[in-house]
Amino acid sequence: MRSINGTGLIVAGLVATLAALLFPVWSYADRSGTGLDRLDAETVSTEFGPLSALDREFITKVRLAGLWELPAGQQAEARGTTKAVQTAGEHLVEGHTFLDARVREVATRLNLELPNQPSSQQRDWLDELSDAQGDTYDEKFANILRAAHGKVFSVVAQVRATTRNSLVRALADDANTTVLDHIKVLEGTGLVDFDELAREAASAAPVPVTRSPAPPGPAESPDPATPVSPSPTFSLPPPASRPKPKEPKESAEDKEKKDKGGDKGKERAHSKAERYVPAIPRPHGE
């Protein structure tokens, strides 16, 4: 009986050891959905190139942006108390009218379904703007729309940098131009709270892997630059231009031929000079 129990304990120990060795391998192999595996799994083929999950999300976000920013722009045209706010509203209406037509065209060619209603958060933004009046409305309009465009702008850049689909690439170009224009006119109202934008971005950013301290800022203005002469002992680099190549040395035989040729030339010139008789002009009477 004791031998049976001992054998059972040994078998149980071996099974437990084998399970402990196999579990990490099994759990790692089961964790799909990251990196290249996830990219391949979530990408579909189209005649315009591969269409990734990020591409499809981008197309959806462009459509959603138009569904709430277009009416927000129309509202700003009517209720803005300053010309700058009204101008920003005009840009939103024109930009998203164009962009919405573009995204519907792209979705049709890629056989994608688009939403027809803003998201719950976007509806909350529209309600918040509708409840505001006067200067408060202007400030809320500028800051809510500027924050939303900043988030979309980063998505546009990521898609434009990574997409392999020609239709999505062209749509990202149009979206980049439109969103950047809207950011500029919203900032042109003079009402954007950049400190709040920075705080919101910092709170939403992931925690860095390392907590290395930031480099210290400048304590005071640096001294003006002073020109420095090179040290006499400093060896200068070789000149960029090549030196003139040296002529090959003449052999004694070549030099003798050259000298003989020179003497013969002198003789020919001398004999020619002797044969030459200058004409003597005659008086006109002769």
Side-chain donor or acceptor of Ser154 paired with backbone N/O of Lys151 under 3.5 Å: yes

Side-chain touch Leu99/Val103, heavy atoms, less than 4.5 angstrom: no

Are Val93 and Phe98 connected in a single hydrophobic cluster, I mean Ile/Leu/Val/Met/Phe/Trp/Tyr linked by side-chain heavy atoms less than 4.5 Å apart? no

Would you mind listing the cluster partners of Leu197? Hydrophobic ones only (ILVMFWY), side-chain contacts under 4.5 Å, chaining allowed. Val192, Phe194

Salt bridge (charged side-chain N to carboxylate O under 4.0 Å, His left out) contacts touching residues 48-62 (sequence neighbours left out): Glu57-Lys61

Identify, with sequence neighbours excluded, every residue that meets side chain to side chain contact (heavy atoms under 4.5 Å, CB included) alongside Arg160. Arg169, Ala172, Asp173

All N/O donor-acceptor pairs, side-chain side in residues 66-74, below 3.5 Å, sequence neighbours left out:
{"residue": "Glu69", "atom": "OE1", "partner": "His96", "partner atom": "NE2", "Å": "2.4"}
{"residue": "Glu69", "atom": "OE1", "partner": "His149", "partner atom": "NE2", "Å": "2.9"}

With no hydrogens and no angle check, is any side-chain donor or acceptor of Gln86 less than 3.5 Å from a backbone partner on Gly80? yes

Could you walk me through whether Leu171 and Leu167 pass the side-chain contact (heavy atoms from CB on, under 4.5 Å) test, one step at a time? CA-CA 6 Å; Leu171 179 62; Leu167 289 181; over 6 Å; no

Which residue pairs satisfy the salt bridge (charged side-chain N to carboxylate O under 4.0 Å, His left out) criterion with at least one member in residues 133-145, sequence neighbours excluded? Glu128-Lys140

Go through the steps to decide whether Phe153 and Asn176 satisfy the test side-chain contact (heavy atoms from CB on, under 4.5 Å), and finish with yes or no. CA-CA 7 Å; Phe153 197 49; Asn176 181 74; 3.2 Å; yes

Nearest 0.5 Å, what's the CD1-CG distance between Ile59 and Leu64? 12.0 Å

Heavy-atom closest contact (Thr46 atom, Gly49 atom, distance): OG1-O, 2.5 Å

Tell me every residue that passes salt bridge (Lys or Arg N to Asp or Glu O under 4.0 Å) with Arg123, counting only those two or more places apart in sequence or in another chain. none

Distance in Å, Thr87 OG1 paired with Leu92 CG, rounded so as to fall on 0.5 Å steps: 11.5 Å

Pairwise side-chain hydrogen bond (donor to acceptor under 3.5 Å, both in side chains) hits with a residue in residues 184-195, at least two apart: Arg146-Glu187

Compile the donor-acceptor pairs under 3.5 Å between side chains in residues 105-118 and protein atoms, sequence neighbours left out, one pair per line.
{"residue": "Glu105", "atom": "OE1", "partner": "Arg102", "partner atom": "NH1", "Å": "3.4"}
{"residue": "Thr108", "atom": "OG1", "partner": "Arg104", "partner atom": "O", "Å": "2.8"}
{"residue": "Asn116", "atom": "OD1", "partner": "Arg63", "partner atom": "NH2", "Å": "3.1"}

Thr43: what forms a side chain to side chain contact (heavy atoms under 4.5 Å, CB included) with it, not counting sequence neighbours? Leu39, Pro50, Ser52, Arg164

Is there a path of hydrophobic side-chain contacts, each under 4.5 Å between heavy atoms of I, L, V, M, F, W or Y residues, that connects Leu145 with Val152? no

In Å and rounded to the nearest 0.5 Å, what is the CD1 to CG distance from Ile144 to Leu129? 4.5 Å

What verdict does the side-chain contact (heavy atoms from CB on, under 4.5 Å) test give for Leu191 and Phe141, after you've listed the backbone C-alpha separation in whole Å, the side-chain angles of each residue and the deciding distance to 0.1 Å? CA-CA 9 Å; Leu191 302 172; Phe141 168 79; over 6 Å; no

Examine Leu54 and Val179 and state if one hydrophobic cluster contains both, with Ile, Leu, Val, Met, Phe, Trp and Tyr joined whenever side-chain heavy atoms are less than 4.5 Å apart. yes

Got a second to check how far Thr163's OG1 is from Gln158's CD, nearest 0.5 Å? 11.0 Å

Tell me the closest heavy-atom pair linking Glu200 and Ala147, and the distance in Å. OE1-CB, 4.2 Å

Show every salt bridge (charged side-chain N to carboxylate O under 4.0 Å, His left out) that has at least one partner inside residues 79-98, sequence neighbours left out. none

Gly89 versus Glu77, closest heavy-atom pair with distance: C-CG, 3.8 Å

OG on Ser120 to CH2 on Trp125, rounded to 0.5 Å: 10.0 Å

Which residues pass the side chain to side chain contact (heavy atoms under 4.5 Å, CB included) test with Thr177, sequence neighbours left out? none

Residues at least two apart in sequence or cross-chain that pass side-chain hydrogen bond (donor to acceptor under 3.5 Å, both in side chains) with Asn143, listed by chain then number, are none

